[in-house]
Amino acid sequence: MKQTSNIPTLADLALKYGTISHDQHTHLLKRFSFEKEQTDIEDLLLDEGMATPYQLELLKLIQEYYIVRKSGKEFGKIAIEKGLATMADIHQALELQKKEFKKSRHNKRIGDILVEARIITSKQKDLILKEQTLFNKLDHNYKESRISKNEEKGRGREDEQQSEITVLVSSDHMTAWIERTNPDQIAVTLNQVKDAIMKYGIVNGIYPDSFIQCFLDVRVKKFPVAWVDCSSFLKGQSSFSSYIRNDTGKPIEKKKGDVLTEQTDAAIEIQVANLYGENINAVAGNDFFVRCGVNTRWSRDRLRILATKSGIPALSADRKVFIHPVVHLLEDADYRYGPIEPYANLSVSGVITGAFPITAGTVRADEIRGANIDAIGDIHARVGITDAVIRAQGDVHARYVHNSRIETFGNVYIQNEIIDSQIRCSRKFESPKCRVISSKIYAKGGVILSGVGSERSAPSTIVAGSEHHAVGLVQTILDMMNSILVKLEELKDEEGYQQSQAEKNFKKMIELKTFHDQAMKKKDVLLSELNKKKETLNEKTLVNIQKLISIYDQRMNSSLATLKTMNASKKEHDECIAELKKKISIFAAQAEKDILSHEKTLFAYLEKSKEIIGIPIIEIGGKAYAGTNLGGVYHVFTLTNEKTDFKVEELCRQGKPPELQFK
């Protein structure tokens with residue numbers, strides 16, 4: 001329990017923040033000194049009843065803050081020594097770090113703060129971190145006081161995994177993210193993520209375990225773990241009304257100019273509980289819970305969404321209102337027909353080919369071959385789907401699916417067979433006469449099949465109850481958001497490089513100017529001496545002095561020429577910096593809008609999936625061959641022998657770990 005480089009111990013922190021008294025602190029030190037080989041300070045605080053688990057987590061978080069702050073000061077020293085930051089920059093960063101910790105209990109690194117403030121670049125931050133060794137020493141010494149007890153309890157690996165998790169809370173305390181340092185190499189469990197969330201005091205808006213488990217399974221580096229959705233409150237406060245469907249749930253055909261949605265107020269303030277359960281006032285515009293899609297627009301007062309074309313209305317999974325005009329094709333949808341009107345309710349008497357990508361409302365065709373289709377509604381292939389990529393939000397129907405990928409929020413119904421394909425759906429996969437070969441099926445609402453596999457085909461994977469469809473959509477959106485941030489970072493790094501080159505040129509120009517002025521002074525001294533003693537000097541000395549004056553003239557002329565060249569180069573760098581600043585300003589503003597739009601879509605998808613009940617049940621009426629992988633939310637089991645006519649269900653009993661049960 002020694003202090004490491006002025007880092008307070010848990011006992012000292014407990015005393016400082018009033019968790020224990022001075023007498024308890026003295027007793028704690030004596031007992032630890034006596035039992036230090038068998039216990040640690042955490043266990044003593046709990047055993048003596050001096051601190052609750054929650055208080056202990058807070059004390060450990062504060063101790064981590066001291067470690068991070070000490071490391072940050074060392075980081076700042078290196079940055080100052082390298083001329084990359086000033087003392088004022090470091091003090092300001094330390095103050096921001098303190099405010100961030102008080103505000104969100106998040107230990108933000110000094111390097112990240114300096115990068116966000118554009119004082120240093122990401123590359124410069126990495127360079128400083130390579131030279132910094134103090135934090136590693138502090139971290140090592142801090143863990144040394146606990147390593148003996150951890151090894152006895154088998155928790156050494158858990159500490160390493162826990163340090164791989166970072167919880168990021170938004171400034172408005174409405175969104176929380178999990179960020180992992182090395183998801184491809186270090187395994188993290190669901191309980192470790194939930195412990196990290198608890199450590200930050202997050203109690204509201206946490207996503208279900210099935211979401212978190214799936215994010216961990218597919219090794220997403222950064223994913224949302226909690227979000228407070230205000231849309232239902234906002235709908236009630238604004239008296240939101242929708243005129244898209246009738247009482248039976250069927251869409252009502254609309255004419256151009258018809259009202260699709262309506263509300264009473266464009267800006268609403270409501271009181272909601274944030275992530276920490278604290279009541280706050282949330283303000284949002286009317287696009288918070290619905291947005292305009294294709295063929296719709298806002299009214300002038302932004303209180304209504306109107307149709308800009310006649311057709312069938314629909315509300316997409318990402319909360320956009322669309323109008324789908326009806327398009328009938330009495331031929332194949334191929335190169336001869338040409339591009340199809342976007343977001344139409346499409347009916348094709350022949351085959352949809354891969355001639356052009358298709359965005360649609362609903363799709364009906366005899367056959368789909370090689371097509372790339374995005375649909376908001378249902379997809380019906382009267383024959384089958386081959387070599388296609390389909391993303392839908394309604395149900396998908398076909399007789400067979402070969403070598404294709406299907407993703408949908410709806411149900412999937414395949415009559416005969418699925419070969420070499422991947423299907424992900426948020427509802428059920430109900431195909432009691434269908435046989436699956438060399439394919440992967442993930443269905444949140446459960447799976448019903450006739451048979452799986454064959455003696456010669458590659459093993460198939462059947463998973464029920466999981467969130468693979470929603471998580472796959474989120475991964476795609478996160479990749480798009482990351483590409484925007486990477487491009488912005490590249491522009492900032494280029495600006496930093498140009499700035500450093502301009503500064504280098506300026507320093508060299510100062511050195512050359514100093515050299516030029518010194519040479520001029522020496523030349524003036526020689527000329528003065530020459531004028532005074534010209535008559536007394538012999539011819540040889542006179543020639544030498546004249547040569548020396550000539551050399552000074554050459555050096556001065558050379559330095560002036562170099563100065564002109566470097567000044568021109570500096571001007572080029574300055575112009576490039578000015579141009580980059582304009583680009584960064586424009587791109588940053590657009591990037592903020594794009595990321596906000598992507599985030600709205602991301603959370604809308606997750607909320608849509610939350611509405612659907614997960615059913616981790618797989619029913620196979622025929623034969624499943626050996627090698628078939630069957631799974632639920634938490635487990636995947638590989639059949640070692642053939643099985644016929646059975647059901648697999650993942651059971652989660654209270655107090656027991658989830659398990660797969662065969663019936």
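- Listed for the E619 side chain is no donor-acceptor partner under 3.5 Å among the backbone atoms of F646.
- Side-chain atoms of N246 come within 3.5 Å of backbone N or O of K250 as a donor-acceptor pair.
- F662 contributes atom CZ, which lies 5.5 Å from atom CG of L639 (distance to the nearest 0.5 angstrom).
- Listed by chain and number, the residues in a ring-ring contact (aromatic ring centres under 6.0 Å, His included) with H402 are Y400 (sequence neighbours excluded).
- Residues F215 and P224 are in side-chain contact: their nearest non-hydrogen atoms beyond the backbone lie under 4.5 Å apart.
- We find that E489 and K487 are not joined by a salt bridge, their nearest charged nitrogen and carboxylate oxygen being 4.0 Å or further apart.
- No side-chain donor-acceptor contact under 3.5 Å links S242 to the backbone of T261.
- Salt bridge annotation for E367-R382: absent, with no cationic side-chain nitrogen under 4.0 angstrom from a carboxylate oxygen.
- In plain terms, the two heavy atoms of S450 and K433 that are nearest each other are CB-C, 3.6 Å.
- Annotation for K221: atom NZ does not count as buried by contact number, only 12 or fewer foreign heavy atoms lying within 6.0 Å.
- Between R319 and D229, at least one side-chain nitrogen of the basic residue sits less than 4.0 Å from a carboxylate oxygen of the acidic one, meeting the salt-bridge criterion.
- In this model, a donor atom of one side chain and an acceptor atom of the other lie less than 3.5 Å apart for T601 and R291.
- Nearest heavy atom pair, residue A464 against residue G446, reads CB-CA, 4.0 Å.
- Considering only heavy atoms from C-beta on, L315 stays 4.5 Å or farther from I376 through its side chain.
- Between T166 and I178, every side-chain heavy-atom pair lies at or beyond the 4.5 Å cut-off.
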Take N411 and D395 through the test side chain to side chain donor-acceptor pair (under 3.5 Å) and record every step on the way to the result. CA-CA 5 Å; N411 304 293; D395 296 342; 3.2 Å; yes
So S609 and E467, side chain to side chain donor-acceptor pair (under 3.5 Å) or not? Walk me through it. CA-CA 8 Å; S609 188; E467 296 289 349; 2.6 Å; yes
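- Between V203 and G277 the shortest heavy-atom distance is CG2-N, 3.8 Å.
- Closest approach of V321 and T296 over heavy atoms only: O-OG1, 3.1 Å.
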Determine whether I418 and I423 satisfy the following criterion, side-chain contact (heavy atoms from CB on, under 4.5 Å), listing intermediate values before the conclusion. CA-CA 9 Å; I418 299 172; I423 296 176; 3.6 Å; yes
Check step by step if side-chain contact (heavy atoms from CB on, under 4.5 Å) holds for S466 and Y634. CA-CA 8 Å; S466 71; Y634 306 99; over 6 Å; no
Let's go through F211 and F223 carefully: what are the C-alpha distance in whole Å and the side-chain angles of both, what is the deciding distance for ring pair (Phe, Tyr, Trp, His ring centres under 6.0 Å) to 0.1 Å, and is it a yes or a no? CA-CA 10 Å; F211 282 86; F223 59 88; over 10 Å; no
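- Checking side-chain atoms of Q393 against main-chain N and O of A317 turns up a donor-acceptor pair under 3.5 Å.
- With N204 contributing its side chain and Y276 its backbone, the two residues share no donor-acceptor pair below 3.5 Å.
- No more than 12 heavy atoms of other residues, nucleotides or ligands lie within 6.0 Å of CD in E455, so this atom counts as exposed by the packing criterion.
- S457 places a side-chain N or O within 3.5 Å of a backbone atom of S454 that can act as its donor or acceptor partner.
- Side chains of L260 and K254 form a contact here, defined as non-hydrogen atoms less than 4.5 Å apart.
- Residues I414 and F429 meet the side-chain proximity criterion, which asks for heavy atoms closer than 4.5 Å.
- Of all non-hydrogen atoms in I618 and I462, the two that sit nearest each other are CD1-O, 3.4 Å.
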Test K623 against D645 for salt bridge (Lys or Arg N to Asp or Glu O under 4.0 Å), laying out the working first. CA-CA 7 Å; K623 182 186 293 185; D645 192 16; over 6 Å; no
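- Residues E649 and I615 form no side-chain contact, since every pair of their non-hydrogen atoms from C-beta on lies 4.5 Å or further apart.
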For side chain to side chain donor-acceptor pair (under 3.5 Å), just list the numbers for T638 and N629, CA-CA rounded to whole Å, side-chain angles, deciding distance to a tenth of an Å, and then say yes or no. CA-CA 4 Å; T638 303; N629 300 304; 2.7 Å; yes
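- Between the H324 side chain and the Y343 main chain, a donor and an acceptor come within less than 3.5 Å of each other.
- T189 and N191 form no side-chain donor-acceptor contact under 3.5 Å, judged by distance and modelled atom types alone.
- Remark: the D479 side chain and the Q475 side chain contain no N/O donor-acceptor pair separated by less than 3.5 Å.
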Is there a side chain to side chain donor-acceptor pair (under 3.5 Å) between R364 and N345 once you walk through the steps? CA-CA 8 Å; R364 287 181 176 272; N345 277 356; over 6 Å; no
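- Under the side chain to side chain donor-acceptor pair (under 3.5 Å) rule, R391 has a single partner from D374, T408, T476, T359, which is D374.
- Between F409 and K444 the shortest side-chain heavy-atom distance does not fall below 4.5 Å.
- A side-chain donor from one of N403 and D387 sits under 3.5 Å from a side-chain acceptor of the other.
- Taking every heavy atom of both residues into account, G465 and V633 meet most closely at O-CG2, 3.2 Å.
- Without hydrogens or angle criteria, R424 side chain to H468 main chain gives a donor-acceptor distance under 3.5 Å.
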Determine, step by step, whether K643 and Y625 satisfy the side-chain contact (heavy atoms from CB on, under 4.5 Å) criterion, reporting the C-alpha distance in whole Å, the side-chain angles of both residues, the deciding distance to 0.1 Å, and the verdict. CA-CA 7 Å; K643 270 188 173 291; Y625 282 78; over 6 Å; no
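- Within the 4.5 Å cutoff, no side-chain heavy atoms of V220 are placed close to those of R180.
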